[in-house]
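Shown next, in structure tokens, is the structure this report addresses.
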Amino acid sequence: MAQSVVWHRFVCLAAMLLIGAASLVAAPAEAARRKSLHAGKDVRGITFEEFWAKAREEGIKWAGRRLRVRRIISVPVVGFDGRNGRSPVWEAQLVRCDRAQSTDEEEAPSRTCRGRSITVRMVEPGVEGADAGTHVSKEKHFRGASIPEERIVISPQRAEEAANRHRQYNPAEVDSYSYELRYDHRNDRPLWVIKRTCGYRGKSEGRCQPGDHWIVKVDAESGEVTK
């Protein structure tokens with residue numbers, strides 16, 4: 001009995017040591033992944049058109065006609081206020097749809113894919129904390145919803161303009177916009193999620209108000225604001 005208790009304590013102690021060691025290894029990696037990016041004084045932002053042309057080129061070279069898109073985002077950069085569809089850092093998760101399938105009886109098979117995915121990132125020179133240029137990640141297994149790349153018709157700049165009209169809002173110099181393309185697979189539509197906040201300039205000048213933000217979703221195929 002005593003030997004069993006000793007063995008149980010030894011197993012518990014070993015497990016605690018392994019968990020602690022894993023935490024120490026994971027912490028630096030997690031910190032590096034979440035490291036903030038900062039904008040230098042000459043950073044003006046990359047247009048979506050410039051980024052998307054390069055991302056599509058990489059995607060078509062990799063996936064050909066099987067190319068699809070899961071997500072596109074403007075990556076936040078400290079000190080930069082995004083406007084007019086510009087961002088110092090863009091990312092797109094691209095999918096090579098090797099097999100289309102459905103996950104339930106009501107879902108169209110073409111909306112869900114099994115295949116591989118890569119992330120294409122473009123970084124403007126002058127951004128501190130990331131290497132400038134276009135970077136393509138290693139392939140990963142993928143299973144989920146995605147859309148053919150040709151269905152992205154509306155640029156984030158046009159989506160931003162549609163969002164401002166919908167809100168009856170006149171943009172100000174202290175505004176900052178972020179852009180994210182998502183796929184609403186239940187309704188089969190790509191959406192630009194336009195988020196407007198008071199930006200870094202507004203904060204530094206004390207011109208921000210509590211609750212000074214809004215979000216509008218715009219159909220990336222038709223340009224219509226979704227309710």
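- Annotation for Ala145 and Arg70: closest pair O-CG, 4.0 Å, computed over non-hydrogen atoms.
- Considering only heavy atoms from C-beta on, Val69 comes within 4.5 Å of Leu94 through its side chain.
- No side-chain heavy atom of Ser74 sits less than 4.5 Å from a side-chain heavy atom of Phe80.
- Heavy-atom minimum distance, Ile154 versus Asp219: CG1-O, 3.8 Å.
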Dump the intermediate steps for side-chain contact (heavy atoms from CB on, under 4.5 Å) on Ile147 and Ile152, then the final yes or no. CA-CA 9 Å; Ile147 55 169; Ile152 303 173; 4.1 Å; yes
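- Side chain of Ser176 to backbone of Gly199: no donor-acceptor contact under 3.5 angstrom is found.
- No more than 12 heavy atoms of other residues, nucleotides or ligands shown are found within 6.0 angstrom of NE2 on His213.
- Atoms CZ and CZ, from Arg114 and Arg143 in turn, are 5.0 Å apart once rounded to the nearest 0.5 Å.
- The CD1 atom of Ile72 sits 11.0 Å away from the CD atom of Gln93 when rounded to the nearest 0.5 Å.
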Stepwise, does the salt bridge (charged side-chain N to carboxylate O under 4.0 Å, His left out) test hold for Glu58 with Lys61? CA-CA 5 Å; Glu58 295 289 344; Lys61 183 170 58 178; 3.5 Å; yes
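- Smallest separation of non-hydrogen atoms from Pro190 and Glu221: CD-OE1, 4.0 Å.
- Taking the charged nitrogens against the carboxylate oxygens, Arg151 and Asp188 do have a contact shorter than 4.0 Å, which makes a salt bridge.
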Residue pair Val193, Ile215: steps toward the side-chain contact (heavy atoms from CB on, under 4.5 Å) verdict: CA-CA 7 Å; Val193 181; Ile215 299 174; 3.7 Å; yes
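- Residues Val75 and Val127 share a single hydrophobic cluster, defined by chaining ILVMFWY side chains whose heavy atoms lie under 4.5 Å apart.
- The two atoms that bring Gly129 and Leu37 nearest to each other are O-CD2, 3.4 Å, heavy atoms only.
- Neither Val89 nor Trp192 shares a network with the other; the hydrophobic side chains, linked directly or stepwise wherever heavy atoms of I, L, V, M, F, W or Y lie under 4.5 Å apart, form separate groups for each.
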What pairs of donor and acceptor atoms, side-chain ones from residues 43-53 against any protein atom, are under 3.5 angstrom apart with sequence neighbours left out?
residue	atom	partner	partner atom	Å
Arg44	NH1	Lys41	O	3.1
Thr47	OG1	Glu50	N	3.2

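- Taking CZ from Arg71 and OG from Ser117, the interatomic distance works out to 12.5 Å, rounded to the nearest 0.5 Å.
- Criterion: ILVMFWY side-chain heavy atoms under 4.5 Å apart, direct or through other members. Under it, Val120 and Leu181 are part of a common hydrophobic cluster.
- Under the 4.5 Å side-chain contact rule for hydrophobic residues, Tyr183 and Phe142 do not share a cluster.
- In this structure, Ser204 OG and Asp81 CG are separated by 8.5 Å, a value rounded to the nearest 0.5 Å.
- The aromatic rings of Tyr179 and Tyr177 lie parallel to each other, with less than 30° between the two planes, well short of the 60° mark.
- In terms of hydrophobic clustering, with Ile, Leu, Val, Met, Phe, Trp and Tyr side chains grouped at heavy-atom distances under 4.5 Å, Tyr169 and Val174 are assigned to different clusters.
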Test log, rule side-chain contact (heavy atoms from CB on, under 4.5 Å), inputs Arg116 and His141: CA-CA 5 Å; Arg116 310 286 288 180; His141 289 289; 2.8 Å; yes
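- One finds a salt bridge joining Arg96 and Asp98 here, because a Lys/Arg side-chain nitrogen approaches an Asp/Glu carboxylate oxygen to under 4.0 Å.
- At a threshold of 4.0 Å, the pair Asp175-Arg196 counts as salt-bridged, since one of the basic side-chain nitrogens sits closer than that to a carboxylate oxygen.
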Go through the steps to decide whether Arg86 and Glu160 satisfy the test salt bridge (charged side-chain N to carboxylate O under 4.0 Å, His left out), and finish with yes or no. CA-CA 11 Å; Arg86 287 178 172 267; Glu160 176 187 324; over 6 Å; no
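- In terms of heavy-atom proximity, Val95 sits nearest to Trp62 at C-CZ3, 3.7 Å.
- With hydrogens and angles disregarded, no donor-acceptor distance shorter than 3.5 Å links the side chain of Asp184 to the backbone of Arg189.
- Counting all heavy atoms, side chain and backbone alike, Cys113 lies closest to Ser146 at SG-OG, 3.8 Å.
- Cys198 contributes atom SG, which lies 9.0 Å from atom CD of Glu205 (distance to the nearest 0.5 angstrom).
- Salt-bridge formation is detected for the pair Arg201/Glu173: a Lys NZ or Arg NE/NH1/NH2 atom is positioned less than 4.0 Å from an Asp or Glu carboxylate oxygen.
- A distance of 4.0 Å separates NZ of Lys54 from CD of Glu57, quoted to the nearest 0.5 Å.
- Although no hydrogens or angles enter the test, the distance criterion places a donor-acceptor pair under 3.5 Å between the side chain of Thr226 and the main chain of Lys217.
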